[in-house]
Peer 1: 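There's a structure below that I have some questions on.
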Amino acid sequence: MSISSQEICILPNKNNLALLQTNGMPGNLFNNCSNLPATPTRLERLLRERELRKYSKCLNDCEAELPSSTQDCFSPDLETSTCWFNDEELLETVSASRSLNDDGERLDFRTSKQRLLVVANRLPVSAVRHGEDSWQLEMSVGGLVTALLGVKEFDTRWIGWAGVNVPDEIGQKALAKALDEKRCIPVFLDEEVVHQYYNGYCNNILWPLFHYIGLPQEDRLATTRSFQSQFDAYKKANQLFADVVNEHYEEGDVVWCHDYHLMFLPKCLKELNSKMKVGWFLHTPFPSSEIHRMLPSRLELLRSVLAADLVGFHTYDYARHFVSACTRILGLEGTPEGVEDQGKLTRIAAFPVGIDSERFIKALELPEVQDHMKVLKQRFAGRKVMLGVDRLDMIKGIPQKILAFEKFLEENPNWRNKVVLLQIAVPTRTDVPEYQKLTSQVHEIVGRINGRFGSLTAVPIHHLDRSLDFHELCALYAVTDVALVTSLRDGMNLVSYEYVACQESKKGVLILSEFAGAAQSLGAGAILVNPWNVTEVASSIGYALNMPADEREKRHHHNFKHVISHTAQEWASTFVSCELNVTIVEAQLRTRQIPPPLPIEVAVDRYSCSNNRLLILGFNATLTEPVDTLGRKDSQINEWQPKLRPDLREPLRKLCDDPKTTVLVLSGSARNVLDDNFSDYNLWLAAENGMFLRVTTGDWMTTMPENLSMEWVDSVKNVFEYFTDRTPRSQFEVRETSLIWNYKYSDVEFGRLLARDLLQHLWTGPISNASLDVVQGRRSVEVRSVAVTKSAAIDRILGEIVHNKGMKEPTDYVLCIGHFLTKDEDIYTFFEPELPSEVPASVRPQVPTQVRTSIVGSRAALLMKQNSTSAVEQNKSYAIDGDTLHSMVTDRISLQEGSSVLDLQANDYFSCSVARKRSNSRYRLQSSDEVVTLLRELADHR
């Protein structure tokens, strides 16, 4: 079920969950809930959700065990319930998004299950075709299937590829029907797509890169023609998955996407339905940004994953690498909670996966496992058993493991007949030359060592190129003294978990690679090694074999406790039930602070019905050419010299030539920049945040207060010069009323560090006692006088425009568009109504019919008072660049009084931010492309 963010306020308060209907102002609902009780923190929500899941689990377990006659105590009527677990406060913390239906009625969370759509590349089934319309299916065991058995509060469906090519419609319908009985939904991919998408892009590009192997040379790609053709197939396959998900999606479903095969899927899903709840989890490592940036499609993949609401990784390192890639490659802001892009926060977190430990522990009691254990103990009696269980893969470090064992035997001859290494190497991708070469290499090393240290009756290494069944594997785990995991790079490696689960009796030692994700979870009880350091691994083998019993027991106890508590079921339940749902609730709270898209048709319609219009337009990122934020294609050079978009020239000229329309370009740019771009247009220019003003047919005049001092410029300039020299690709600009240091194109982390240092220098030095504002942009620092703001200048600007044009008719339409700094965004609220202070913002009535009737209102009076007061109290000389501005003081603008300037109705005012989602404006436009569309529409409806 979905809850409209523009209709309700969700208040997951400690004492209640309420829905408050709001009738706020049109457009932005920012701060509508500001006067309501504070919402719980994220930690409070997670703790309550966790307790709720525990209660729900206990409740379900009790209901399953008790006879029907005794289940009345679990009545939904909680006030009269005799249930032994009756925490009223806990029950009231049920998330609004899960406990309320679309009509606001409370649902019984025990009887109404939320659907979970698990989307993975492969379905957890093996399908074999028998005849034209008959299929034999066998469910897989372990992995995600086992993990999701513990998520009982969800009704789970699986979506994925069945692993077989089904070109005919009859076969597809028959397979879909058979899979439906297994709660699975197939995605049908043809052979060419599978060839390019799965064998090509996934296995030849993404998988090696994510495991630090690097990209293959394009002329060596055996399965595809080029990187681009692979990526096209990858996007096509992901879109096919998205179409199937969307076809079966029902409102309120949770969609959980898995692994690197489906990195493009979150974006596809959000494009189909922006309200869809989407989580994405990566089961492999995520490489550092320096590795990921080699990927040709790096930008698209990162942005696609960021479309998800929650992104999960096995370890904190992988999550940190992902955030770093988004920061350095996309230029986005990394926060403690995730990655933020213009107000949209994608939560990034670590969720270490586990195993079904109970399954392994119980298996040890089975007769067939006991029989296997007996045989193994007899076979290796008198010898210590070491074990390695791996896929025969280049990332598993099998050669390194065997070489380390060889060195141990070299250095410890007394152990040569007392220890044996059992290496299980499960074959994989046997048709790939690299894997065939690896197999030959391993066999050669094993043969050499066995020939060197073996005898007619015993060899030190037993190597098997095959998999073992579950019972054999459990028995092997149970009799092993030392498990050796030497992965060169591994997402998690659950072999270590399985070994620990089967060692409650023997309490063996785990030697674990520090490059396996499991090292962060089991590192305290395991012996961590660098598999590339053969000497270190050999030494660790000796230490493990000679470890005292009490130390073995302590190490095992620590790891065993972790394995049985952090199960696969707990992992899945935490991701879906707790984190994802809490993330969705927080996203709904943030969404209410984001202005809605500008209704262009409405804005154009009101424009055509008005007689005296005022268009206030920003310049940078509003009317300029888009620049590449990553600093390529000469974007830094272009940004130094911003140019008006060519596709805006014609519509802007039409608007400027319209006698009913006054166009004002209000910018922080210098006067010469605006002159270069707009000298041929009949409009008004307000440079340096409105401190300089002119109509293009006249001369520049100043709107600055007379007492404005610029004595601070030289000292701040020296600081900016110093930090510009220290920060590559940074720059600073000296304007007539401000100085700006910009590090947008510098290294993100280094620039941020230097910016903090710069601010410290400013606050403790040049500006410590000055009446200055330090305005921090996204990647810039600006120093300007307190009085230099767009909102402070707008009163005087409007007065001069009215005086110059000799307006007889009040302005009845205002459109204000810009990509302004937060400091200057109060210009959006300049035309908004003044509400009585006692009226809470959350229950504001509709905007009064008349918004502003005169410029000489409360804001203007306040500005006049501030200006006159500062002029009396401060006795500082006013000089900028010699005599340049002394001659301009005589042209200073006086505030116009008397005649009505504005007669503005609520529906005739449109404030709109560009490319900013967190804003005080009523509406937003995504980019300057939408500004072009809007101005063209206005020009055509004069």
Side-chain angles (χ1 to χ4, degrees), residues 117-121 159-160 197 201-202 205-207 209-211 230-242 245-246 254-274 276-335 337-351 353 491 517 575-576 579-580 583-584 587 629-630 748:
L117 303 181
V118 178
V119 191
N121 175 61
I159 298 177
Y197 145 72
Y201 198 77
C202 292
I205 293 183
L206 289 183
W207 190 90
L209 188 78
F210 283 11
H211 289 86
Q230 288 179 326
F231 188 54
D232 290 341
Y234 183 84
K235 290 191 291 185
K236 180 180 179 181
N238 275 247
Q239 187 62 55
L240 291 173
F241 275 85
V245 173
N246 192 53
V254 173
V255 183
W256 193 6
C257 312
H258 287 270
D259 228 357
Y260 59 93
H261 311 89
L262 302 175
M263 293 181 72
F264 217 73
L265 185 57
K267 177 176 181 289
C268 297
L269 293 175
K270 287 292 187 176
E271 288 176 348
L272 292 170
N273 185 344
S274 61
M276 195 178 290
K277 302 176 183 179
V278 179
W280 183 80
F281 190 88
L282 182 65
H283 294 265
T284 68
F286 192 89
S288 71
S289 59
E290 290 302 306
I291 298 293
H292 184 78
R293 73 190 311 165
M294 294 191 297
L295 191 63
S297 51
R298 57 193 180 181
L299 303 179
E300 291 178 88
L301 288 180
L302 288 176
R303 290 203 175 275
S304 298
V305 171
L306 287 176
D309 300 292
L310 175 63
V311 174
F313 300 90
H314 281 308
T315 71
Y316 170 74
D317 280 347
Y318 306 156
R320 177 172 54 84
H321 289 162
F322 181 80
V323 173
S324 177
C326 293
T327 301
R328 294 179 177 275
I329 297 175
L330 296 180
L332 302 179
E333 291 295 324
T335 71
E337 291 191 343
V339 177
E340 185 170 1
D341 182 11
Q342 294 297 331
K344 197 272 185 184
L345 178 67
T346 299
R347 174 147 172 77
I348 314 297
F351 303 92
V353 72
F575 187 96
V576 181
E579 290 279 353
L580 184 54
T583 298
I584 295 299
T629 58
L630 299 178
V748 176

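Source: prediction; values computed, not measured. Counting from 1, the numbers follow the sequence of the chain as shown.
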Peer 1: Would you check if Val245 and Leu269 make a side-chain contact, meaning some heavy-atom pair closer than 4.5 Å?
Peer 2: yes

Peer 1: Answer yes or no: are there more than 12 heavy-atom neighbours, outside Lys236 itself, under 6.0 Å from its atom NZ?
Peer 2: no

Peer 1: From the options Phe322, Tyr318, Phe351, select the one residue that forms a ring pair (Phe, Tyr, Trp, His ring centres under 6.0 Å) with Phe313.
Peer 2: Phe322

Peer 1: Please confirm whether the backbone N or O of Met276 pairs with a side-chain atom of Lys270, one donor and one acceptor, at under 3.5 Å?
Peer 2: yes

Peer 1: Could you tell me whether the side chain of His292 reaches within less than 4.5 Å of the side chain of Pro287, counting heavy atoms only?
Peer 2: yes

Peer 1: Taking Val254 as the fixed residue, which of Ile584, Val278, Asp309, Val576 is the one that meets the side chain to side chain contact (heavy atoms under 4.5 Å, CB included) rule?
Peer 2: Val576

Peer 1: When the ring centroid of His283 is compared with that of Tyr260, is the distance short of 6.0 Å?
Peer 2: no

Peer 1: Is there a donor-acceptor pair under 3.5 Å between the side chain of His314 and the backbone N or O of Gly491?
Peer 2: no

Peer 1: Indicate yes or no for a side-chain donor-acceptor contact from Ser324 to the backbone of Arg320 under 3.5 Å, with no hydrogens or angles considered.
Peer 2: no

Peer 1: Do Tyr201 and Ser297 pair up side chain to side chain, a donor and an acceptor below 3.5 Å, judged on atom types alone?
Peer 2: yes

Peer 1: Do Asn238 and Lys267 touch side chain to side chain, with heavy atoms closer than 4.5 Å?
Peer 2: no

Peer 1: Check whether any side-chain heavy atom of Leu206 sits under 4.5 Å from a side-chain heavy atom of Tyr234, and report yes or no.
Peer 2: yes

Peer 1: If you define the side chain from C-beta out and look only at heavy atoms, does anything of Trp207 sit under 4.5 Å from Cys202?
Peer 2: no

Peer 1: Heavy-atom distance under 4.5 Å between the side chains of Asp259 and Leu282, does that happen here?
Peer 2: yes

Peer 1: Report yes if the side chains of Trp280 and Leu265 come closer than 4.5 Å at any heavy-atom pair, otherwise no.
Peer 2: no

Peer 1: Are Leu332 and Leu306 close enough that some pair of their side-chain heavy atoms sits under 4.5 Å apart?
Peer 2: yes

